[in-house]
Amino acid sequence: MPELPEVETIRLGLQKYLIGHKIVSVQIRVPKIFIGSVKQVVGAKIIGLKRIGKGLIIELNNNFVLAVHLKMTGQLVYRDEKTKRLALSVKTGGEKLPSKYSHLILVLDNGAFLYYNDLRRFGWIKAIRKDQLMQMPFFKEMGPEPFKDLTLEKFKEIIFKSNLVIKILLMDQKRIGGIGNIYANDALFEAKIAPTRKVRSLSSEEIKKLYEAILDVLRKGLEYGGSSDENFVNALGQEGNYQNHTLVYGREKEPCKNCKTLIKKIKLGGRGTYYCPACQK
DNA sequence: GTGTTTGTTATCAA
DNA sequence: CTTGATAACAAACA
């Protein structure tokens with residue numbers, strides 16, 4: 001489940017290797033993954049990497065971009081002569097790349113490959129004109145992001161405008177960009193707020209605590225190189241480590257890190273939700 | 001064969 | 001029209 005820290009980890013990795021290189025060819029093995037025309041991409045040079053929420057943008061020098069969404073199990077793995085000796089995580093779906101999950105491959109002018117792997121094939125890569133990118137509903141409707149334009153004031157404003165359950169609000173990309181299930185659960189634990197609370201019931205103190213907790217867990221996610229609980233790997237095919245440091249996510253029936261009460265798992269909006277019934281009020 | 005997983009979009013009710 | 005709640009969808013695996 002690549003969320004903001006995971007996509008940012010990939011972006012930082014790819015940035016080191018892709019910039020300045022020309023795309024020589026595109027191999028499409030699963031057509032539905034790629035939207036647009038290959039012609040708009042082949043021959044273009046990669047000049048930048050951006051992230052918008054959980055979306056990754058590969059900027060080209062011909063007024064086009066490749067917009068990527070990894071959904072649940074997408075990966076972008078770079079391999080060249082120097083990096084191909086690095087051990088690949090088993091999560092890439094095979095010892096060698098391309099694996100049976102490599103649905104799209106970019107070939108670069110230095111002989112390197114960028115593999116798009118996706119076990120469940122939910123993700124997509126779209127070639128689109130730069131000036132049309134922000135017209136795509138997914139990007140156009142993206143809410144403000146932590147570390148970017150989501151100030152505490154803005155966060156309060158968003159909260160006062162809604163009457164959702166807090167965890168649902170945190171994960172709503174149109175309200176706040178980049179937070180998914182892992183970090184929503186952990187931020188609520190850190191702020192000691194029950195995921196089922198209606199946002200209107202939150203005190204301004206609680207909102208502030210939650211705001212800081214969001215920044216804190218996202219920062220930790222980044223520091224640990226993302227969470228590889230599922231299929232996430234970084235740009236070199238290596239796992240992150242946040243999954244070993246989650247506060248409550250994925251810890252059903254394990255003792256709470258504060259009070260040893262067993263972590264509960266419930267469903268909220270159809271999603272797995274973990275919390276400490278004693279600490280989170 | 002069934003249930004489970006999540007990010008996103010579609011649909012429906014109020 | 002808006003908001004919120006819920007269903008559906010993508011695909012694979014235990």
Side-chain angles (χ1 to χ4, degrees), chain A residues 1-8 10 29-35 51-57 67-76 90-94 99-104 116-126 128 133-143 145-146 157-188 195-202 218 221 226-233 240 242-243 246 248-253 265-275:
Chain A
M1 298 141 281
E3 306 178 27
L4 188 155
E6 286 75 30
V7 180
E8 184 65 9
I10 292 171
R29 302 181 165 202
V30 174
K32 71 158 213 160
I33 300 282
F34 186 82
I35 305 157
R51 182 187 54 75
I52 302 175
K54 301 172 192 173
L56 186 77
I57 315 296
V68 184
H69 200 302
L70 304 168
K71 291 288 181 87
M72 281 182 75
T73 56
Q75 307 173 330
L76 282 168
V90 292
K91 292 179 188 291
T92 55
S99 73
K100 65 170 169 171
Y101 303 121
S102 302
H103 305 318
L104 188 145
Y116 178 77
N117 309 324
D118 194 344
L119 186 142
R120 297 198 185 153
R121 305 182 180 198
F122 295 169
W124 44 259
I125 300 180
K126 184 170 173 124
I128 187 169
L133 176 70
M134 295 315 287
Q135 299 308 312
M136 288 174 65
F138 176 78
F139 293 107
K140 188 180 180 180
E141 295 167 13
M142 182 74 64
E145 286 187 44
E157 216 176 279
I158 291 163
I159 281 185
F160 292 140
K161 265 195 253 175
S162 141
N163 197 23
L164 287 170
V165 164
I166 184 60
K167 185 183 172 237
I168 307 273
L169 180 142
L170 293 181
M171 292 174 60
D172 183 346
Q173 304 303 298
K174 295 184 168 91
R175 291 189 163 83
I176 301 169
I179 303 174
N181 207 14
I182 300 170
Y183 299 98
N185 277 290
D186 277 6
L188 285 163
T196 49
R197 287 274 297 279
K198 287 272 192 171
V199 294
R200 295 236 178 109
S201 78
L202 297 175
L218 292 175
S227 169
S228 293
D229 180 51
E230 287 276 335
N231 281 60
F232 168 76
V233 293
Y242 185 78
Q243 71 279 10
T246 58
V248 287
Y249 181 81
R251 297 195 178 275
E252 185 183 15
K253 292 176 184 162
K265 182 184 185 186
I266 58 167
K267 273 226 149 101
L268 212 54
R271 301 293 174 249
T273 301
Y274 303 85
Y275 69 104

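Chain naming here is simple, since letters A, B, ... match the order of the sequence lines and numbering starts at 1 in each.
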I want to verify a distance call: between B:dT5, C:dC13, B:dT9, whose nearest atom is closest to the A:Lys265 side chain? B:dT5
Please confirm whether the shortest side-chain N or O distance from [X] to OP1 or OP2 of [N] is below 4.0 Å.
X: A:Lys198; N: C:dA5; answer: yes
X: A:Tyr249; N: B:dT6; answer: yes
X: A:Lys267; N: B:dT4; answer: no

Interatomic distance, [X] atom [atom1] to [Y] atom [atom2] [nearest 0.5 angstrom]:
X: A:Arg200; Y: A:Leu164; atom1: CZ; atom2: CG; result: 9.5 Å
X: A:Lys126; Y: A:Phe139; atom1: NZ; atom2: CZ; result: 10.0 Å
X: A:Leu218; Y: A:Glu6; atom1: CG; atom2: CD; result: 9.0 Å

Tell me: [atom1] of [X] to [atom2] of [N], nearest whole Å?
X: A:Ile35; N: B:dT9; atom1: CD1; atom2: P; answer: 11 Å
X: A:Lys71; N: C:dA12; atom1: NZ; atom2: P; answer: 15 Å
X: A:Glu6; N: B:dT6; atom1: CD; atom2: P; answer: 13 Å
X: A:Trp124; N: C:dA11; atom1: CH2; atom2: P; answer: 16 Å
X: A:Ile52; N: B:dG7; atom1: CD1; atom2: P; answer: 18 Å
X: A:Glu252; N: B:dT4; atom1: CD; atom2: P; answer: 12 Å
X: A:Glu141; N: B:dG7; atom1: CD; atom2: P; answer: 18 Å
X: A:Leu70; N: B:dT6; atom1: CG; atom2: C1'; answer: 13 Å

With A:Tyr242 via ring pair (Phe, Tyr, Trp, His ring centres under 6.0 Å) - residues at least two apart: A:Tyr183
Ring pair (Phe, Tyr, Trp, His ring centres under 6.0 Å) involving A:Tyr101 - partner list, sequence neighbours excluded: none
Sequence neighbours left out, what passes side chain to side chain contact (heavy atoms under 4.5 Å, CB included) with A:Lys71? Give chain and number order. A:His69, A:Phe122, A:Trp124
Who are the side chain to side chain contact (heavy atoms under 4.5 Å, CB included) partners of A:Asn231, not counting sequence neighbours? A:Thr73, A:Gln75, A:Leu119
Considering only nitrogen or oxygen atoms on both sides, find all protein atoms under 3.5 Å from nucleotides 7-10 of chain C and state each distance.
residue, atom, partner, partner atom, Å
C:dA10, O3', A:Lys32, NZ, 2.8

Under a 4.0 Å heavy-atom cutoff, the residues of residues 167-185 of chain A touching DNA chain C are A:Arg175
Residues of residues 157-164 of chain A with a heavy atom under 4.0 Å from any atom of DNA chain C, listed by number, are A:Ser162, A:Asn163, A:Leu164
Any donor-acceptor pair under 3.5 Å linking the side chain of A:Arg175 with the backbone of A:Ile158? no
Has A:Glu230 got a side-chain atom pairing as donor or acceptor with A:Ser228's backbone, closer than 3.5 angstrom? no
Passes side chain to side chain donor-acceptor pair (under 3.5 Å), A:Lys167 versus A:Thr273? Steps please. CA-CA 9 Å; A:Lys167 185 183 172 237; A:Thr273 301; 2.8 Å; yes
Taking the side chain as every heavy atom from C-beta outward, state whether A:Pro2 and A:Ile10 have any atom pair closer than 4.5 Å. no
Residues that [X] engages under salt bridge (Lys or Arg N to Asp or Glu O under 4.0 Å), provided they are two or more places apart:
X: A:Arg271; result: none
X: A:Asp229; result: none
X: A:Arg51; result: A:Glu8, A:Glu145

More than 12 heavy atoms from other groups under 6.0 Å of NZ on A:Lys32: yes
Is there a side chain to side chain donor-acceptor pair (under 3.5 Å) between A:Arg29 and A:Ser102 once you walk through the steps? CA-CA 8 Å; A:Arg29 302 181 165 202; A:Ser102 302; 5.6 Å; no
Return the minimal non-hydrogen interatomic distance between A:Gly74 and A:Asp118, and the atom names on each side. N-OD1, 3.7 Å
Polar atom pairs (N or O), protein with nucleotides 10-14 of chain B, under 3.5 Å:
none

At under 4.0 Å between heavy atoms, what does A:Gly269 touch on the DNA or RNA strands: base, sugar-phosphate, or nothing? nothing
Considering the terminal five base pairs at each end of the helix from B:dT2-C:dA14 to B:dA14-C:dT2, what angle separates the two local helix axes, rounded to 10°? 50°
